[in-house]
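Heads up, the thing below is written out as structure tokens.
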There are 2 protein chains.
Amino acid sequence: MTTNGPATAAPRGRPRNAAVDRTVIDTVLRLIADGASIGDLTMEGIAREAGVGKATVYRRWPGKDALLLDVLTAVDSPPPLGCRSGDLRHDLILAIDYIRRRSLAKRESALMRSMVTQMESSPELWKRYHDTVVAARRRMLTSLLEDAVTSGQIRPELGADLDLLTDMVVGPVLARATLRPDAPLPDDLAERVVDTLLEGMRPRD
Amino acid sequence: MTTNGPATAAPRGRPRNAAVDRTVIDTVLRLIADGASIGDLTMEGIAREAGVGKATVYRRWPGKDALLLDVLTAVDSPPPLGCRSGDLRHDLILAIDYIRRRSLAKRESALMRSMVTQMESSPELWKRYHDTVVAARRRMLTSLLEDAVTSGQIRPELGADLDLLTDMVVGPVLARATLRPDAPLPDDLAERVVDTLLEGMRPRD
DNA sequence: ACGATACGAGACGGGGCCGTATCGTAAAGC
DNA sequence: GCTTTACGATACGGCCCCGTCTCGTATCGT
């Protein structure tokens with residue numbers, strides 16, 4: 001502790017330009033959205049593309065990993081659906097449609113694809129992405145399904161594995177967005193997924 | 001055409017060692033399985049890791065892209081389930097369990113993750129993977145579902161979008177394998193997915 | 001005005017990969 | 001035996017990135 005006060009003391013000299021942080025982070029997201037993989041990114045290339053001195057980047061982040069960690073936290077997932085109507089069908093459709101709309105955003109889908117590849121080689125990066133984005137979405141759905149089981153809107157025996165139910169809800173949209181980027185994500189996709197899931201594929205006598 | 005016969009004439013000099021081809025391709029698959037992304041792979045590193053001269057690799061493939069194309073075709077997906085019992089539930093379980101077992105193989109899942117990231121930057125590579133692996137699996141499932149619609153084992157109105165049904169069948173397993181490598185893929189996963197899909201989540205009165 | 005820090009630009013030595021070429025050796029046909 | 005091609009090893013010039021450092025300039029607190 002070298003500071004003399006609780007407010008981290010007074011900085012002297014010219015203050016840092018906060019806009020530079022955002023420009024660099026935005027540049028990284030843009031490069032990823034344009035098809036660059038994590039391995040393609042270089043500190044030098046990022047600085048060049050951002051129109052920023054290389055030293056300026058190194059002044060903020062010690063290396064590519066630290067920069068990418070900040071990029072991930074900057075992907076602000078706005079609180080994924082806090083409201084809850086109580087009607088399972090309605091709430092499920094809202095939740096899935098949120099993921100569907102997110103998957104339509106080129107930045108988010110490209111970022112997800114990049115992170116998925118990096119989970120082995122940079123587990124720290126993957127953990128951050130998982131905790132920030134993946135886990136947040138799952139939590140929302142799992143609690144939604146849990147309440148539906150207790151309120152009798154879902155067969156009780158299915159409540160034994162909410163994890164599986166969650167995967168069955170998000171799986172279709174994610175699989176389409178991840179593995180078939182050319183396939184459409186039509187407006188009524190969420191609605192149709194939910195209706196089929198709730199009613200089942202088999203004829204109801 | 002410089003050959004003088006239909007059998008590509010007679011090669012002179014020392015013949016190529018076919019084992020080298022396999023060694024190199026296996027090395028690439030191993031590196032990918034060990035966490036390397038496509039961008040991390042280098043012709044020099046591959047040759048070094050394979051215990052092979054760099055010139056020997058270049059003698060067979062003009063560059064990394066060509067080598068990777070051969071790697072993809074070497075991932076022989078054995079004919080995905082040609083048999084068909086006629087019982088939708090049974091056949092679906094077999095098909096999904098095939099994908100589940102494939103996802104448990106480290107090589108295959110790592111390769112899929114890598115390809116998913118490369119789809120933007122190297123569309124040719126992605127197309128090969130998609131046609132070889134993804135499309136083959138989908139075809140199997142879509143025709144399975146199609147027959148089930150005509151035989152009345154699936155509600156007729158769902159037959160309007162077999163593509164969606166296919167995504168709902170493969171989605172859960174793929175989502176779990178892709179986005180949650182730490183989550184288990186238990187033996188009875190396919191069975192439970194199919195049962196929930198066929199019966200629906202809602203209580204049947 | 002002055003010292004301190006930030007900025008864009010770019011030089012710098014070091015290192016890795018690129019694709020090619022050159023070794024000496026090995027394995028085939030003639 | 002001679003030619004031809006393949007092989008592992010390695011050297012080569014070129015390129016790009018690394019992380020640090022030095023410029024000249026700009027912007028803050030004092």
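Chain A is the first sequence line, chain B the second, and so forth, proteins listed ahead of strands; every chain is numbered from 1.
Where A/Gly13 and A/Asn17 each meet DNA chain C at their nearest nucleotide, the meeting point lying more 5' is that of A/Gly13. When each of A/Leu41 and B/Gly51 is assigned the nucleotide of DNA chain D bearing its nearest heavy atom, the one mapping closer to the 5' terminus is B/Gly51.
Computed from coordinates, the A/Asp65 CG to D/dC18 C1' distance equals 14 Å when rounded to whole Å. Rounded to an integer number of Å, the gap from CZ of B/Arg60 to C1' of D/dG8 is 12 Å. Rounded to whole Å, atom P of C/dG16 lies 17 Å from atom CD1 of B/Ile46. In this structure, B/Glu44 places its CD atom 15 Å from P of D/dG8, rounding to the nearest Å. Separating the CG atom of B/Asp40 from the P atom of C/dG16 is a distance of 15 Å, rounded to the nearest angstrom. Here C/dC17 presents its P atom at 11 Å from CD of B/Glu49, a figure rounded to the nearest Å. One atom, CH2 of A/Trp61, and another, P of C/dA6, lie 14 Å apart when rounded to the nearest Å.
No side-chain heavy atom of A/Leu165 sits less than 4.5 Å from a side-chain heavy atom of A/Leu141. Side-chain contact between A/Arg89 and A/Glu191 is present, with heavy atoms from C-beta onward closer than 4.5 Å.
For a distance-only test at 3.5 Å, the side chain of B/Lys54 fails to qualify as a donor-acceptor partner of the base of D/dG8.
Within the 4.0 angstrom heavy-atom criterion, base atoms lie near A/Ala55.
Salt bridge absent: A/Asp34 and A/Lys106 never bring a charged side-chain N and a carboxylate O closer than 4.0 Å. For the pair A/Arg16 and A/Asp21, the salt-bridge criterion is not met [side-chain N within less than 4.0 Å of a carboxylate O]. A salt bridge links A/Arg192 with A/Asp188; the closest basic N to acidic carboxylate O contact falls under 4.0 Å. The existence of a salt bridge linking B/Asp167 and A/Arg180 is confirmed by a sub-4.0 Å separation between a basic side-chain nitrogen and an acidic carboxylate oxygen.
Closest to the side chain of A/Arg59, out of C/dA6, C/dG8, D/dC17, is C/dA6. When each of D/dG19, C/dC17, C/dA28 is scored by its nearest atom to the side-chain atoms of A/Tyr58, the top-ranked nucleotide is D/dG19. Distance from the side chain of A/Thr42 is smallest to D/dC18 among D/dC28, D/dC18, C/dG8. Side-chain proximity of A/Met43 to the nucleotides D/dC7, C/dC18, D/dG19 is greatest for D/dG19.
Residue B/Arg14 places no side-chain N or O under 4.0 Å from the OP1 or OP2 atom of C/dA26. For B/Arg48, a side-chain nitrogen or oxygen approaches OP1 or OP2 of C/dC17 to under 4.0 Å. An OP1 or OP2 oxygen of D/dG29 is reached within less than 4.0 angstrom by no side-chain nitrogen or oxygen of A/Arg12. Remark: B/Thr56 is in phosphate contact with D/dG8, judged by side-chain N or O atoms under 4.0 Å from OP1 or OP2.
A search for salt bridge (charged side-chain N to carboxylate O under 4.0 Å, His left out) contacts involving A/Asp65 returns nothing, not counting sequence neighbours.
In terms of modelled atom types and a separation under 3.5 Å, the side chain of B/Arg137 and the main chain of B/Ile99 share no donor-acceptor contact.
Within the helix from C/dA1-D/dT30 to C/dC30-D/dG1, the inter-axis angle between the opening and closing five-pair segments is 10°, rounded to 10°.
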